[in-house]
**Student:** 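Before I ask anything, let me first share the structure, which is written out below as structure tokens.
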2 protein chains.
Amino acid sequence: MDFSSFVTSLATSFVIFLILMLLFTWLSRRPGNNVVYYPNRILRKLDPHEGSHSSRSPFAWIREALASTEADVIRASGVDSAVYFVFLTTVLGIFVLSGLVLLPVLLPVAATAHGSLQANATSKDSFNDLDRLSMAHIEQKSNRLWAFLAAVYWVSIITCYLLWKAYNHVSHLRAAALMSPEVKDEQFAVVVRDIPSTTDARSRKEQVDSYFKAIYPDTFYRSMVVTNNKEANKIHQELEGFKKKLAHAEAVYSESRTTSNPEGVKPTTKTGFLGLIGKKVDALDYYDEKIKELTVKLESEQARTLKDKQQSAAVIFFNNRVTAAAASQSLHDAIVDKWTVMAAPESREILWSNLAMNYYARLVRRYAIYFLVFLTIFFYMIPIAFISAVTTLRNLIKYLPFLKPVVKVAAIKTILEAYLPQLALIIFLALLPKFLLFLSKAEGIVSESHAQRAASGKYFYFNVLNVFIGITLGSALFDSFKEILNDPKSIPELLGRSLPRSATFFLTFVALKFFVSYGLELSRIVPLIIFHLKKKYLCKTVAEEIEAWAPGDLGYATRIPADMLIVMIVFCYSVIAPLIIPFGVVYFGLGWLVLRNQVLKVYVPSYETYGRMWPHIFVRVMASLVVFQLTMLGYFGTKEFSYTPILIPLPILSVIFAVFCTNKFYRFFKFTALDVACRELKEAPAMDGVFRSFIPPCLVSDKTTAAAVADEEQFDDALSQVSRAGSFVV
Amino acid sequence: MDFSSFVTSLATSFVIFLILMLLFTWLSRRPGNNVVYYPNRILRKLDPHEGSHSSRSPFAWIREALASTEADVIRASGVDSAVYFVFLTTVLGIFVLSGLVLLPVLLPVAATAHGSLQANATSKDSFNDLDRLSMAHIEQKSNRLWAFLAAVYWVSIITCYLLWKAYNHVSHLRAAALMSPEVKDEQFAVVVRDIPSTTDARSRKEQVDSYFKAIYPDTFYRSMVVTNNKEANKIHQELEGFKKKLAHAEAVYSESRTTSNPEGVKPTTKTGFLGLIGKKVDALDYYDEKIKELTVKLESEQARTLKDKQQSAAVIFFNNRVTAAAASQSLHDAIVDKWTVMAAPESREILWSNLAMNYYARLVRRYAIYFLVFLTIFFYMIPIAFISAVTTLRNLIKYLPFLKPVVKVAAIKTILEAYLPQLALIIFLALLPKFLLFLSKAEGIVSESHAQRAASGKYFYFNVLNVFIGITLGSALFDSFKEILNDPKSIPELLGRSLPRSATFFLTFVALKFFVSYGLELSRIVPLIIFHLKKKYLCKTVAEEIEAWAPGDLGYATRIPADMLIVMIVFCYSVIAPLIIPFGVVYFGLGWLVLRNQVLKVYVPSYETYGRMWPHIFVRVMASLVVFQLTMLGYFGTKEFSYTPILIPLPILSVIFAVFCTNKFYRFFKFTALDVACRELKEAPAMDGVFRSFIPPCLVSDKTTAAAVADEEQFDDALSQVSRAGSFVV
């Protein structure tokens, strides 16, 4: 890539971003789009435009984002979002401080070097203006390399210092949130798994109660045995579906009635598959009947579930936070694989079906899945190649003959033939995060947030190994695999040799990434279109409309690995080609602005973990730093610089620093410290409400009839506890 | 070593053992020696010979040892001893089951092989009858190697199975002991370290109390801030010394009076160094005066210590076991390096001076000491060589001229010149365990038992690396170090190549070890002589006599590494030279018998950890197994057996098994499970007694005067708690 095409690509990206931003300014002012651009504020029952004056310049949102405080973010979107901003700020700080020193020092040093460009120039093809500004321009054994060596130290020190401050800050954020005097239901509960089967006649419920009453005679409140809700859930969802359909049909009917025809057209439906086949019936009557039928069915299923489908897990409620916090950290049974207790996640993010999974099943699944992920990451090219081979045009025509006339057109044929393999790759890459999330959930993880973190970790490996290292080495990792396996010590050298070649590619990559993806993020073009289409053609009721603009959350499982990839790229090139630093600064600066806007106005978190994501982020930033340091070791080696060993302590010290921080802070992110849990509450917790918040939706009954009675039945004897639960101890 | 010298050495060892055993039979029957051979029974106030009839054959002790049950051992010597016997039994079982299969199968297979002996014969020198029975006798690529390959699998399976059963059993032993309805003081306490310094005017005591009262409003009983007792301890010891001396002088005086001289000779002493120089004074008056003086001094020092020397650690007492168990496992402060809480060890084994050590000091010290131990293990030859160089005869004469006439004698000169280097080595080896224990304590470990485990772990590395691998490779590890570092994969092959050469050496080593060391152990010749010498010349009072026969404990810090060395040797040779298995069986069988006798009648444990030593043992047996498997991989490689890769899964599976067992059982050895802690107590604990049991001896005052008042003073406000501590909850 020569200089002009580099500038062209940069300019194109920038123009796209400008257009998207103007589009955003224009679209977001229209009140009809409020639900797309301000859903968070609307759901919090705030005026979307409050605080922003009529003089809305295209940059008003920037001013608002900059003016917002961390407390605003926590109020609007919880601690997790605030922690994500700590991450963005920290990385931004690292890049700015690195850039302030590296750019004015290294660029002149490189530009004025006398060395002719060697084979390992930063551009894959030929001489390049950008290469003059990179370390590749320095001749071997030059004394100028000292400046680059010092730069590696500077970047490392800055990173560790800012990460240290950030870890401290996040730790305080978490403590402050957990100390809050508001009653948080999950702080009073623990989850117990691997309950051993009883031989005597006692029910699960009695067994659990007697076990915990013996240990916590004063603070045990009540238990809820986890049930197998598969059947009940199915019926519940069916029922909800019909309820929605009924509302929809009613809306359609009343709509048709108000106009010319006062009688209206009674909507009809068919009883078969998806309402497309089968007997034609009156929709209102049909849905009504179905709902009645399913309600009865659900009630009996609920009763049956609560009674007969109790599983080997339970949620235990305590009447104070300290006991729950202590219980979640304590070994309950002498054998670790029985009565394993852990802190309860928020009820909305519990993966109920995983709770009852056996200790050994979890163990086996976890390792099986690690192995599967390993295969996916290292050999992902194989299935894609296989799919490409199968989906040749000839096969396509054979299996889908109706495509024949289309494919016959020469132009389409050419395009299809050229793009089919890429299409397979794109589809694979699009499905990968979902696949990884699915795998993480299959591990037997208890909460959605933990599963997202696990998926994010897996995706990080894929990104680093295949995108970063893969592109750098100019081949799929698999090809270099044998070489690496034979001599593991060669990785730094291999990377050092290959890195400079890809510098320009990654410069463009980062630029494209921030302009286009943050442009799309801010303008919300896709959700906007989808919302308007749905509203126009599908939505009839208010509930349906709300569903159409439901904003979703930040999606950490894909967002964090994507950011991490940029962190790793910028780190690794920061000293080799310091020009990448401003790009990193813009990526995280723009990201900060755009996401601040999105978090305050758009996204609604689907769970709250009080920053448990942070250690995950921390470890990965540190890993990127260590990869950078090792790479530099390799690259300085290729420059035959005799003082290269001065870099050896760096990765060692970095690892020590990471271990030290983890030792010092991590346990608090895993558990709740008792000192934090013992703070006064604003009011005595309504234990019944806490308990009810954990009942899965499919087991809640609207009417206080059968299901409610059955529900009480499960907790029969425990109910006697409620009376004495009046004496709360915090 | 040829066959006849092997038999001779074996026979000599056996004869020594027989003599020692007969000596034991004869000596132990004499009532005057009861305190040497039955101190445990005497201290438990039992008749030494109870249960054993007058017809004491030389083998009576064997019958008694065999008849004793595990419950007897626990009663006589605690759970730790019982766990040590589980270890002995398990290893014995492994060797017996291995031998039952390996000896009848492998010996004929080896003996009938047609292969001429190759260079790597089992004897270092020449052809050897023993080599006929070893794997070295099998020719390369022979199908007979299949039998040896199967044997490796058999030994591994047996080991894992028996270790699994043992882990389960020990886990139950521990649970049963911890569940016991007896009040155990330490179960009501936790130790808290790293108390942050307060800025306000509150005392340490107030700070600690308010912190724990907030978290445990109902169950917190009282706290005891750890003080710097150095000064008080010194005075206390001085005082105790003078008390002993006074009793001794009184005894001497009364002895002299009863005989011819009715007035008696008043004993005198000198006031200077060790009573050897200075003014001559009347001993009784002098000691009396000193005691009075020191008592006053101690009392004022105690008051000062309790008031002004409070440190950043404390012992916290709860009025029930569950809270203490839960507290010891819970994170108290959001930052891990503050308010770190751990279960309290028994008060008699707390290393008080380590309690106040700072988190960072501990961290730095631990790694510094690991590094030091690494140096000691790898380069221990260097200081010894240095010492040998310095302690040549010439230097000796130069610095210690009075030795000159002795050294002049030709015979002595020769011996000294020959043995000085060896002497240095022997002294080093004798001091090493003490040095390692000293280092382990310097790490900042809180309890004696933990320090012993840490020292035992370090000694294990020394034994394995220097004695086993060192002797096998025929050189100090340091020499092979470079070779190994260049190609770490070569270790198994290197070992495989070298092992057979040392087989006979290790056979003799094991035999010598069990006959001589267990003979000495049983006969207690050395303690017997020391006791009689002391009694005759030094002891005048009953207290002095009791001190003279105080039996000590089993001394795990050196005993376990020594056993482990034998385990490792027998494992590694079990398949190569199966003849070693009977030796291993005798070692552990004889050890079981002799130590059973010692534990029931002699040793008195100095602490009780309820089997916390077991995971330590387990990991090391598994490590020995894995070393064995890797060695066999290497040795089969040298035999060019093409099915060698069949062995590759073995070490992998072994590691998985070890990790699995650790996951399943280990946490209970680190913490007390709440289910175990919640069992009913026989009686409500006398909390004041529990509290007082933790007061260090130097702070206890005999008279209830100044010190007692000061003692109360420290707990001034806490005393108000005592009144309401009447309502115990377990």
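Lettering of chains follows the sequences in order, A, B, ..., and the numbering in each one begins at 1. No hydrogens, no waters, no symmetry mates; every other heavy atom, side chains included, goes into these values.
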**Student:** Output the option from B/Ala334, B/Ala326, B/Ala327 having the highest count of non-hydrogen pairs under 4.5 Å with chain A.
**Tutor:** B/Ala334
**Student:** Does any heavy atom of chain B fall under 4.5 Å from the side chain of A/Tyr167, the backbone, both, or neither of them?
**Tutor:** neither
**Student:** Apply side-chain contact (heavy atoms from CB on, under 4.5 Å) to residues A/Trp339 and B/Leu674 and explain how you reach the verdict.
**Tutor:** CA-CA 11 Å; A/Trp339 297 101; B/Leu674 299 191; over 6 Å; no
**Student:** Taking side chain as everything from C-beta outward and backbone as N, CA, C, O, which of these in B/Phe669 sits under 4.5 Å from a heavy atom of chain A? Side chain, backbone, both or neither.
**Tutor:** neither
**Student:** When only pairs under 4.5 Å are counted, which of B/Phe660, B/Phe671, B/Tyr367 shares the most heavy-atom pairs with chain A?
**Tutor:** B/Phe660
**Student:** Is it the side chain or the backbone of B/Tyr211 that comes within 4.5 Å of chain A heavy atoms, both, or neither?
**Tutor:** side chain
**Student:** At a heavy-atom distance under 4.5 Å, which candidate from A/His172, A/Lys338, A/Gln329 has the highest pair count against chain B?
**Tutor:** A/Gln329
**Student:** With chain A as the partner, which of B/Arg174, B/Arg667, B/Lys670 has the greatest number of non-hydrogen pairs under 4.5 Å?
**Tutor:** B/Arg667
**Student:** Rounded to the nearest 0.5 Å, how far does SG of A/Cys678 lie from NE2 of B/His332?
**Tutor:** 9.0 Å
**Student:** Strictly less than 4.5 Å between heavy atoms, which residues of residues 648-659 of chain A line up against chain B? Please order them by number.
**Tutor:** none
**Student:** Which heavy atom of B/Tyr360 sits nearest to which heavy atom of A/Lys664, and what is that distance?
**Tutor:** OH-NZ, 2.7 Å
**Student:** Minimum heavy-atom separation for A/Leu331 and B/Phe668, please, with both atom names.
**Tutor:** CD2-CA, 3.3 Å
**Student:** Let me know if A/Leu363 has heavy atoms under 4.5 Å from chain B in its side chain, its backbone, both or neither.
**Tutor:** side chain
**Student:** Please rank B/Val676, B/Val341, B/Ile335, B/Thr672 by heavy-atom pairs under 4.5 Å with chain A and give me the top one.
**Tutor:** B/Ile335
**Student:** So what's closer than 4.5 Å to chain B heavy atoms on A/Tyr216: side chain, backbone, both or neither?
**Tutor:** side chain
